[in-house]
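Have a look at the structure below, then the notes.
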Amino acid sequence: MKILVCISNVPDTTTKIKFNESNTSVDTTGIQWVINPWDELSLTRALELKDDPSSGIKSVTVAHVGTASSEPTIRKALAIGADDAIRINSESSDAYYTSAQLAEVIKKEHFDIILCGIESSDYNGSLVGGMISEFLGIPSVSAVSGIKIENGQAVLVREIDGGKEVTSVPAPFVAIVQKGIAKEPRIAAMRGIMMARTKPLKVIEPVEVDSLTEITVFEKPAPRSACKFIDPENPGQLIDLLQNEAKII
Amino acid sequence: MSVLVYTENWDGKFKKLSFELVSYASEVAKMINTSVTALSIGKIEDSELIKLGRYGAGKIISVENELLKILDSQAYSSVISEIAKKENSSVIIISNNNTGKAVAPRLSVKLRAGVGSGVSRLPLNTNPFTVYKKTYSGNAFAHVVIKSEIKILTLAQNSFELIETVDNSTIEKMTVNVDSSLARTKVQNVLKQTDKILLTDADIVVSGGRGMKSPDNWAPLTELANVLGGATACSRPVSDEGWRPHEEHTGQTGKIIAPNLYIAVGISGATQHLAGISGSKYIVAINNDKEAPIFEAAQYGIVGDAMKILPKLINAVKELKK
Ligand SMILES: Cc1cc2nc3c(=O)[nH]c(=O)nc-3n(C[C@H](O)[C@H](O)[C@H](O)COP(=O)(O)OP(=O)(O)OC[C@H]3O[C@@H](n4cnc5c(N)ncnc54)[C@H](O)[C@@H]3O)c2cc1C
Ligand SMILES: Nc1ncnc2c1ncn2[C@@H]1O[C@H](COP(=O)(O)O)[C@@H](O)[C@H]1O
């Protein structure tokens, strides 16, 4: 069985986000780029599965829609342990466009399990995984917090309101993963970093697809009003304010 | 034309979330001069369905089918898209919860409809159709133009007020054919925990961080949540250490919540933590370091030792409830 992990290239989560002068795009100077945290965890779990010979997982590939500027992030995924990588050479203009590109690749090269994160930390779309599955007409399971392979069949734990469900769907399928999928992201060892340089990274040109959405303007979040400090000797005053000023209790 | 809103039910009951969605859909419908059709999937009584009318649903469609007992994203999205076509819907509204995240992207591809996901306000404009959405985990907001003919909006939880209106609703039961080859999700086992208030539903949340020092110190925090009728949460290191269950972890890599009141106790306020709670209406911080970044996000703050302050807060709430 083959696993594909879709990775998105995002600013490190502590980055202060700034925009260009017209507020139409994000100013990328000085940004430290990383693998989207969920995708790093998906990759970790995919590699853990592959490490266990009884799982029957033969290879782990990563795919990314982005320009050459994201290659360091792809190399990092290879250094962590992915066997090979595919980059679709295009800006990812919106979720529909990005998913259509990834679906094209998956149609050509067969994968049994496709892993996507629940959301990218830049666009916060929660869309790409589900869209890929619909483009391919295959099942998708969302909010997946655990994946195991039992007798050649994937068993998925998904989060539902107020609990969890242990589910299965026939392969090929897309699993949209969230917290719990792996404990800590695997980090690249020196040997991995050396090997990553020679691992295959295939660059594919995009197919023609129209995007359906477009970001026109960015805004900073509205500043919160200054914090009102309450005398620590008399915290009861807080309760009074919550009741009479904020009117929320 | 119509606005279609998918109203999820839980064991035959709607939640505030469902009414929030219908209220939002009604306001969107006003903006484009059309009416609201609410869709409910699964077994539910008319007495419950009719409640959607109070928030502005003109037509309430109820669909039941054995194959829809389990949430299968493929089966659900095909049913919703069929109804959307029948109702000639130009805008479809779904919650941005687990179900919405499973269904909306598939629906988007089926209907070639652009999605504004996690919107927290009414559309900014209807021509071009522009929505306001969180990006960069709350560090920026974007105006997103949806260019397709049909638009899908997923509404962030707890981001819209309930608006009651005159009830002119009618209920319509519809039968749908579900192709069994589309409902391929098998559920082997369900692990439910329904005894307490769900964190994502709670109006009030009391949350503890590493400043609580030890899992043995949680009793006053839990008690404050109890007397306020709220739920408990925690920061990531707290759940990583196993001091609290993983379900409680809030933040970018945990749950994203938007209660009316979030009380952060011994939490420093890292950006990744704030990413999960910044939608809260009011944030209260209790921290012994007056320089802690959490105070920049909070409207009310107390600088001091949590262990001394919590018991006094509990007493003050008890006094109030007398
Ligand atoms: C990719 C990534 C994702 C992450 N995702 C998340 C996430 O989803 N959620 C999350 O929470 N974190 C997340 N983190 C971790 C985050 O960066 C912080 O490390 C974490 O939020 C800190 O938790 P804390 O506030 O409980 O602890 P600390 O930062 O250690 O803060 C403890 C606070 O308690 C105060 N304190 C100490 N003693 C007392 C006392 N007696 N009374 C009152 N106050 C006291 C201190 O002044 C301090 O401000 C993530 C990090 C990364 C890199
Ligand atoms: N440009 C991209 N290339 C490859 N995968 C992506 C890309 N953008 C998003 N994804 C995948 O889709 C998931 C959800 O992203 P989003 O829909 O943007 O929230 C991410 O966690 C990735 O797995």
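Chain naming here is simple, since letters A, B, ... match the order of the sequence lines and numbering starts at 1 in each.
For the pair B:Lys255 (side chain) and B:Glu247 (backbone), a donor-acceptor distance under 3.5 Å is present.
Considering only heavy-atom pairs separated by less than 4.5 Å from chain B, the leading option among A:Pro139, A:Ser120, A:Pro37, A:Ala143 is A:Pro139. The greatest number of non-hydrogen atom pairs below 4.5 Å with chain B, out of A:Pro170, A:Ser142, A:Gly236, A:Ser168, is found for A:Ser168. Among B:Ala298, B:Gly304, B:Ala104, the residue with the largest count of heavy-atom pairs under 4.5 Å with chain A is B:Ala298. Taking chain A as the reference chain and counting heavy-atom pairs below 4.5 Å, the highest number among B:Glu296, B:Glu319, B:Arg184 is found for B:Arg184. Per-residue heavy-atom pair counts under 4.5 Å with chain A were compared for B:Ser278, B:Ala140, B:Ser137, and the maximum is reached by B:Ser137. Comparing A:Asp122, A:Asp231, A:Val169, A:Ile132 by how many heavy-atom pairs each has under 4.5 Å with chain B, the most go to A:Asp122. In terms of non-hydrogen atom pairs under 4.5 Å with chain B, the most contact-rich of A:Pro223, A:Ala100, A:Gly137 is A:Gly137. Note: A:Glu165 leads A:Lys183, A:Glu165, A:Glu119 in heavy-atom pairs under 4.5 Å with chain B. Annotation: maximal heavy-atom pairing with chain A below 4.5 Å, among B:Lys134, B:Lys308, B:Gln252, occurs at B:Gln252.
In the model, A:Thr73 has no side-chain atom that pairs as donor or acceptor with a side-chain atom of A:His64 under 3.5 Å. Between the side chains of B:Thr135 and A:Asn124, no donor-acceptor pair is found at a separation under 3.5 Å. Looking at A:Ser145 and A:Arg158, their side chains never bring a donor and an acceptor atom within 3.5 Å of each other.
In this structure, chain A has a heavy atom under 4.5 Å from the side chain of B:Lys133, while its backbone stays farther away. With a 4.5 Å cut-off on non-hydrogen atoms, A:Tyr96 touches chain B through its side chain but not through its backbone. Heavy-atom distances place no part of A:Asp240 under 4.5 Å from chain B, backbone and side chain included. With a 4.5 angstrom heavy-atom cutoff, B:Gln272 touches chain A only via side-chain atoms. Both the backbone and the side chain of A:Glu159 come within less than 4.5 Å of a heavy atom of chain B. Heavy-atom distances place the side chain of B:Ser239, and not its backbone, under 4.5 Å from chain A. Both the backbone and the side chain of B:Thr185 come within contact range of chain A, each with at least one heavy atom under 4.5 Å from a heavy atom of that chain. Only the side chain of A:Pro11 comes within less than 4.5 Å of a heavy atom in chain B; its backbone stays farther off. Residue A:Val26 touches chain B through its side chain alone, counting heavy-atom pairs closer than 4.5 Å. Neither the backbone nor the side chain of A:Ile176 has a heavy atom closer than 4.5 Å to any heavy atom of chain B. Only the backbone of A:Ala226 comes within contact range of chain B, with at least one heavy atom under 4.5 Å from a heavy atom of that chain. Contact of A:Ile118 with chain B is made through the side chain alone, with heavy-atom distances under 4.5 Å.
A tilted orientation is assigned to the rings of B:Tyr262 and B:His273, their planes being inclined by 30° to 60°.
A:Phe19 carries A:Lys220 over the face of its six-membered ring, with the cationic atom under 6.0 Å from the centre and within 45° of the normal. Under a cutoff of 6.0 Å and an axis angle of 45°, A:Lys16 and B:Tyr136 do not form a cation-pi pair.
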